Undergrad: 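Dropping the structure in here first, questions after.
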Amino acid sequence: MIILLKKNANQTQIEHLKESLTSMGVQLNVSVGQSHTIIGLLGDTSRVDIDMLNALEIVESVQRIQEPFKKANRRFHEDDTIIELENGVKIGGGNFQMIAGPCSVETESQIIEVAQAVKAAGATILRGGAFKPRTSPYAFQGLGAEGLRLLSKAKKETGLPIITELMDAAHLSLFDDVDIIQIGARNMQNFELLKQLGKINKPVLLKRGLANTLQELLTSAEYVMAGGNEQVMVCERGIRTFETRTRNTLDLSAVPVLHRITHLPVVIDPSHATGVAKLVPPMALAATACGADALIVEVHNDPAHALCDGAQSLTPEDFAEMARRVKAILPYSMR
């Protein structure tokens, strides 16, 4: 249930209303926007009398909602959430960023060379996998803690904040220097892991599962937010369909749909969606045009010899050209 208060609502009246609602056993989520104040009611609202609320002088309207996600719901939170990193980089609310780097951290020279190249091209956040979930148990699984150490070194060399994937809550203590924790598609509904992320104060990028709906994606985001960590971004990275010419099918319609129903920043991953390097730039441009808040792109200095996902990785030169074109269309974005 959400209660929309009038613009001239008296603060004393608001506090009395909040006390009355709390006494009914519901939790409150108060969002103060530019034009309205919204009170979201969490929990069992069966005892709340809508007619009584509508009769109050300070109440504009009351509405019950059926979606199982409340904190991620734009109805509860009119204004866009803006994720701000320690170095001042912002994502969401009109702040667009490019995240780039290799699928996997392989060597010190590789990650630093790529980090320097993507920064020069306009990327503001460095991505790189240290722990890698792979379909085959015989495939390269990442360098683990050593990969995190090399990412931290690249961060010091370039000043770029870093994002990398967390697979196990037991590894959280290793992620102190990580700026954004990525939860991959396979772990989107690892609810125990999501609950642990709700207890920390660090931004989370949550990727959509291969066969999950947008409502399921936002319900997973709700697990993190319900624990107290509201610094969540959602990422469309392609879903599994009957098409075999691409690795997955990039659902670009998810961008405007998500912006309509949630206040969380929306990120697009054209690399995992297509699986083909030549398809990444056009999909990145399309994602930018339809209003994505950020792109996360795989870049490798030697894709032919990459230990992971070389076929979908751009060279630094190709990324620089893509970044140039992305910047050119940003002013015309539908966002």
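Throughout, numbering of the chain's residues begins at 1 and tracks the sequence. Everything numeric in this text was worked out from a predicted model, so none of it was measured.
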Undergrad: If I compare all heavy atoms of Gly40 with all of Phe76, which pair ends up nearest, and what's the gap?
TA: CA-CE2, 3.1 Å
Undergrad: Is Leu210 isolated, or which residues cluster with it under the ILVMFWY side-chain rule of less than 4.5 Å, directly or via members?
TA: none
Undergrad: My understanding is that only one of Leu4, Ile3, Val30 makes a side-chain contact (heavy atoms from CB on, under 4.5 Å) with Ile38; could you say which?
TA: Leu4
Undergrad: Taking NZ, NE, NH1 and NH2 as the nitrogens, is one of them in Asp309 or Arg247 under 4.0 Å from a carboxylate oxygen of the other?
TA: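 Yes.
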Undergrad: Using distance alone, with no hydrogens and no angle criterion, decide if Gln189 and Ser220 have a side-chain donor and acceptor under 3.5 Å apart.
TA: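 No pair is found: no donor N or O on one side chain lies under 3.5 Å from an acceptor on the other.
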Undergrad: For the residue pair Leu194 and Met188, what are the closest heavy atoms and their distance?
TA: CD1-O, 3.2 Å
Undergrad: Under the salt bridge (charged side-chain N to carboxylate O under 4.0 Å, His left out) rule, what pairs show up with a residue in residues 179-199, not counting sequence neighbours?
TA: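 Matches after skipping sequence neighbours: Lys155-Asp179, Glu192-Lys195.
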Undergrad: Between atom CD1 of Ile181 and atom CG of Leu206, what is the distance when rounded to the nearest 0.5 Å?
TA: 12.0 Å
Undergrad: With sequence neighbours excluded, tell me which residues meet salt bridge (Lys or Arg N to Asp or Glu O under 4.0 Å) with Arg324.
TA: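 Listed in chain order: Glu321.
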Undergrad: Examine the side chains of Asp168 and His171 and answer whether a donor and an acceptor come within less than 3.5 Å of each other.
TA: no
Undergrad: For a quick test of your reading: what N or O donor-acceptor pairs under 3.5 Å do the side chains of residues 273-290 make, sequence neighbours left out?
TA:
{"unit_1": "Thr274", "atom_1": "OG1", "unit_2": "Pro270", "atom_2": "O", "d": "2.9"}
{"unit_1": "Thr274", "atom_1": "OG1", "unit_2": "Val276", "atom_2": "N", "d": "3.4"}
{"unit_1": "Thr274", "atom_1": "OG1", "unit_2": "Val276", "atom_2": "O", "d": "3.4"}
{"unit_1": "Thr288", "atom_1": "OG1", "unit_2": "Ala284", "atom_2": "O", "d": "2.8"}

Undergrad: Salt-bridge test for Glu222 and Lys71: reply yes if a basic N is under 4.0 Å from a carboxylate O, no otherwise.
TA: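 Salt bridge flag = no for Lys71 with Glu222.
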Undergrad: For His259 and Arg74, which heavy atoms make the closest approach, and how far apart are they?
TA: O-NE, 2.8 Å
Undergrad: If hydrophobic residues (ILVMFWY) are linked whenever their side-chain heavy atoms come closer than 4.5 Å, directly or via other members, who joins Ile180 in its cluster?
TA: Ile83, Leu85, Val89, Ile91, Ile99, Ile125, Ile163, Leu205, Met233, Val267, Ile296
Undergrad: Could you name each residue pair satisfying salt bridge (charged side-chain N to carboxylate O under 4.0 Å, His left out) that touches residues 136-150, not counting sequence neighbours?
TA: Glu146-Arg149
Undergrad: Ignoring hydrogens, what is the shortest heavy-atom contact between Ala169 and Leu193? Give both atom names and the distance.
TA: N-CD1, 3.6 Å
